Structures are given as C-alpha cells and as structure tokens.
Visitor: 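Take a look at the following structure, please.
Every value quoted in this text rests on a predicted model; they were computed, and no experiment measured them. This chain uses plain numbering: 1 for the first residue, then up along the sequence. In what follows, every heavy atom counts, from backbone to side chain, and hydrogens, waters and symmetry copies are set aside.
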Amino acid sequence: MMKQIGIVVHGGAGTDSEHIKKNIKEYEDGLREAIEEGYKILERGGKAVDAVEAAVRKLEDNPLFNSGRGSAVNNKGEVEMDASIMDGKTLKAGAVCMVKNVKNPVTLARYIMDHTSHVLLSDHGALEFAKDQDLELEPDSYFVTEHQYDLFLEERDKDDVEELMKKRVHGTVGAVAADKDGNVAAATSSGGTTNALAGRIGDSCIIGAGTFANNNTCAISSTGDGEFIINGVIAHSIADVMEYKGYDIQRACDYVIHEKNKNTEGDIGVIGICPSGKIGISFNSERMHRAWKSTDLPLQVKIYK
Ligand code: ASP
C-alpha cells in the first residue's frame with residue numbers, strides 16, 4: 001500500500017531583521033519553490049533522499065538563504081560551507097565542512113555518502129573530491145552577496161563578542177522528507193555564522209546534531225546556533241525521545257527544544273518527519289523560515305510563530 005508522502009523545509013531560525021521584513025515575499029517564494037521541487041519527486045514515486053537533496057539545492061541556489069550562494073562571510077571575508085545528508089533506510093550519511101567553490105555542497109555530501117566509505121570530508125580534500133566527481137564549481141565571488149558582505153563589514157570592527165553572538169544571522173537551509181515506501185531522509189546546508197573565526201565548523205555537517213535520519217523513528221534537520229546544537233546533539237536526541245519515550249514527532253521536537261534544552265542560550269529550530277508522513281516543527285527563536293506539504297496537508301509557508 002502506498003504510504004503518505006511529505007516534505008518540510010527550513011530556511012533558518014533566529015532573530016527577525018529589517019532584511020527579512022523587506023524581502024518577506026521573496027523568502028516565502030523561495031521556501032515554496034523548494035517544497036515544490038522536492039514534492040514533485042515524491043509524487044512521482046521518487047526517494048526521500050532525492051527529494052531532500054533537490055529541495056536543499058534549490059535553497060542553496062537562492063541568494064537570500066545562508067547556504068551556497070548567499071552564504072555567511074567569516075572573519076576573513078571568506079565563505080566556508082558545511083552540509084550533510086542522511087538516508088533513514090540505509091543509515092548512510094555524507095557530509096562536508098569548510099568547503100569553498102562547490103556550487104551545491106549538499107550534492108557533494110550526497111556523493112560522499114554514495115561513492116566513498118567515509119562520512120565527512122573537509123576543506124581542500126572535499127574540493128578535490130568534488131573536482132574528481134565533476135561537480136559544478138563557482139568562483140569565490142559567486143557565493144558572496146551584497147547583503148552578507150554588508151553584515152560582515154558591520155560586524156567586523158565590533159569587539160563585543162556577546163553582542164556579536166546575539167546578532168548572528170541564521171539562514172541555513174534544510175529539508176526532511178518521507179517517500180511512498182516509508183523511507184525518510186534529511187539534509188542540511190549552511191554558510192555558517194557571520195564573522196565566525198575562519199575554520200569554524202557548525203552543526204550543519206554534524207550527523208546527529210544538524211542532520212539525522214532513521215526509518216525507525218524520524219528524519220530531522222536543525223538550524224540556529226550551531227555550537228548549542230552540537231552540544232545538545234539535537235537531531236539525534238529527538239529520535240531518541242521518540243524511541244525511548246514513545247512520543248510522537250511533534251511532541252518529541254517540542255520536548256527537546258522547550259524542555260530538555262529550555263535553559264540553552266542559543267537559538268534552536270528543528271523540522272522533522274516520520275515514515276508515516278507525520279511532521280514536527282519546533283523552535284525557540286523569534287522566527288524560523290519554514291514550509292511543508294504532505295498527502296494530508298496543503299502547502300503552507302510560515303516565518304513567524
Ligand atoms: N546552524 C548553523 C551554524 O551554526 C547556522 C544557522 O542555522 O543559520 O553553522
């Protein structure tokens with residue numbers, strides 16, 4: 001019997017900004033296009049892992065989101081990107097960190113998952129592998145948008161680290177999906193955080209923190225302050241809560257964000273889906289760009305609570 005299909009995407013959780021308010025329609029359009037891209041794969045009977053990769057690629061190509069083109073700029077004025085993908089059926093995962101010039105880091109993560117025996121490749125090794133696989137490359141200038149560079153310049157001379165942490169811009173992207181065979185998958189892609197020290201690696205490439213998928217429970221993609229997401233092992237915790245406490249996906253997401261991590265000082269947002277197609281969304285920040293569609297639910301796009 002055909003199971004329910006569904007997909008959820010996010011475009012980052014964090015504080016509101018004038019830039020978001022000014023571009024709200026474009027953000028909503030971007031989220032909608034990502035859902036449509038992934039959903040049409042699921043509708044045709046395609047795999048969850050293909051749907052999440054396609055949805056994330058769409059968002060990576062959109063300069064409004066902090067991934068691929070439009071990535072945050074580090075304290076050297078450079079873009080270093082993290083991404084990961086996990087297949088809930090095979091429990092295989094691929095991830096990449098600190099990579100430059102690769103147009104779609106999520107596809108590089110997918111290649112690592114499918115064509116190597118490793119999970120995570122970094123920096124120049126990741127770039128070399130991308131070249132070997134003939135993945136699309138772009139010059140440095142492609143990735144840096146005016147908006148992200150302005151943010152970098154604004155923040156560059158501030159020495160109040162706490163203030164900087166509070167103002168970090170989150171526009172990381174992610175997707176989770178369930179296909180007709182009851183398989184789930186998750187993918188996440190990020191340019192990291194504005195003005196981070198060069199070499200900083202966030203949660204988006206960390207399996208169990210930024211991304212996790214297991215057909216026994218759920219698929220999760222996280223966004224927010226990576227340091228807190230890594231320390232809280234957020235994505236895997238949600239799967240654990242489902243497995244050990246028997247909570248449904250929404251309750252498990254809420255429990256991990258609002259109870260288990262209620263004293264966190266970071267912004268944390270998650271999207272999740274189960275093999276049954278049920279979805280869960282939870283965040284502790286002012287806003288999380290998000291959209292979803294499933295057999296049961298029409299396409300919906302939301303930014304605020
Ligand atoms: N989680 C990402 C990171 O810390 C940032 C974000 O979600 O916007 O690298």
Side-chain angles (χ1 to χ4, degrees), residues 6-35 38 52 55-56 58-60 62 64-67 70 72 165-177 186-194 202-204 209-212 218-230 232 234-235 237-238 249-262 264-273 278-294 297 299-305:
I7 182 162
V8 191
V9 301
H10 70 72
T15 45
D16 199 12
S17 73
E18 281 312 308
H19 186 259
I20 293 172
K21 287 189 193 126
K22 229 171 69 195
N23 293 285
I24 202 140
K25 187 176 169 308
E26 289 75 9
Y27 275 111
E28 288 173 349
D29 287 348
L31 293 165
R32 197 173 294 117
E33 283 163 17
I35 287 281
V52 293
V56 167
K58 197 82 188 162
L59 292 162
E60 286 177 339
N62 186 327
L64 281 175
F65 296 93
N66 169 17
S67 65
M165 292 273 287
K166 272 190 227 143
K167 285 199 65 188
R168 288 195 298 191
V169 181
H170 300 136
T172 288
V173 308
V176 293
T188 313
S189 182
S190 181
T193 49
T194 305
D203 61 297
S204 307
T211 299
F212 187 68
C218 61
I220 301 287
S221 171
S222 316
T223 171
D225 290 309
E227 284 68 11
F228 295 91
I229 297 170
I230 293 171
I234 295 299
S237 294
I238 294 170
I249 179 89
Q250 185 59 55
R251 194 168 168 211
C253 289
D254 287 340
Y255 175 79
V256 168
I257 303 302
H258 298 299
E259 289 185 50
K260 192 164 186 280
N261 291 282
K262 66 171 182 250
T264 183
E265 285 164 23
D267 288 333
I268 306 179
V270 291
I271 55 171
I273 200 161
K278 267 214 187 112
I279 70 170
I281 297 176
S282 202
F283 56 101
N284 66 5
S285 47
E286 256 181 296
R287 51 106 208 145
M288 178 165 77
H289 289 57
R290 61 204 187 277
W292 61 93
K293 181 173 177 168
S294 72
L297 304 168
L299 198 160
Q300 287 199 60
V301 183
K302 279 200 164 179
I303 291 181
Y304 302 103
K305 294 209 168 162

Visitor: Look at atom NZ of K262 and say whether more than 12 heavy atoms of other residues, nucleotides or ligands are closer to it than 6.0 Å.
Guide: no

Visitor: So how far is it from S190 OG to L59 CG, rounded to the nearest 0.5 Å?
Guide: 12.0 Å

Visitor: Which is it for L297 and W292 under the side-chain contact (heavy atoms from CB on, under 4.5 Å) test, yes or no, and what are the steps along the way?
Guide: CA-CA 8 Å; L297 304 168; W292 61 93; 3.9 Å; yes

Visitor: In Å and rounded to the nearest 0.5 Å, what is the CG to CD1 distance from L64 to I24?
Guide: 11.5 Å

Visitor: How many angstroms lie between atom CE of M288 and atom NZ of K302, to the nearest 0.5 angstrom?
Guide: 11.5 Å

Visitor: Among residues at least two apart in sequence or on other chains, which ones pass side chain to side chain contact (heavy atoms under 4.5 Å, CB included) with D16?
Guide: I20, K21, E286, Y304

Visitor: Taking C-beta and beyond as the side chain, do I271 and I279 meet within less than 4.5 Å on heavy atoms?
Guide: no

Visitor: Quick one: does any side-chain atom of T172 pair with a main-chain N or O of G12 as donor and acceptor, under 3.5 Å?
Guide: no

Visitor: Using only heavy-atom distances, determine whether the side chains of D254 and S282 contain a donor-acceptor pair under 3.5 Å.
Guide: yes

Visitor: Without hydrogens or angle criteria, can the side chains of E60 and S189 be said to hold a donor-acceptor pair below 3.5 Å?
Guide: yes

Visitor: Going by atom types alone, do T188 and S221 pair a side-chain donor with an acceptor below 3.5 Å?
Guide: yes

Visitor: Just verifying a value: how many Å separate E28 CD and R290 CZ, rounded to the nearest 0.5 Å?
Guide: 10.5 Å

Visitor: Just by modelled atom types, is the I268 backbone N or O under 3.5 Å from a matching donor or acceptor in the S222 side chain?
Guide: no

Visitor: Does the side chain of I220 come within less than 4.5 Å of C218's, by heavy atoms?
Guide: yes

Visitor: Given side chains that start at C-beta, do those of K278 and I273 come closer than 4.5 Å, heavy atoms only?
Guide: no

Visitor: Do the non-hydrogen side-chain atoms of I234 and N261 ever get within less than 4.5 Å of each other?
Guide: yes

Visitor: Salt bridge (Lys or Arg N to Asp or Glu O under 4.0 Å) for D29 and R32? Distances and angles first, verdict last.
Guide: CA-CA 5 Å; D29 287 348; R32 197 173 294 117; 2.9 Å; yes

Visitor: Please enumerate all residues that pass ring-ring contact (aromatic ring centres under 6.0 Å, His included) together with Y27, with sequence neighbours excluded.
Guide: F65, H289

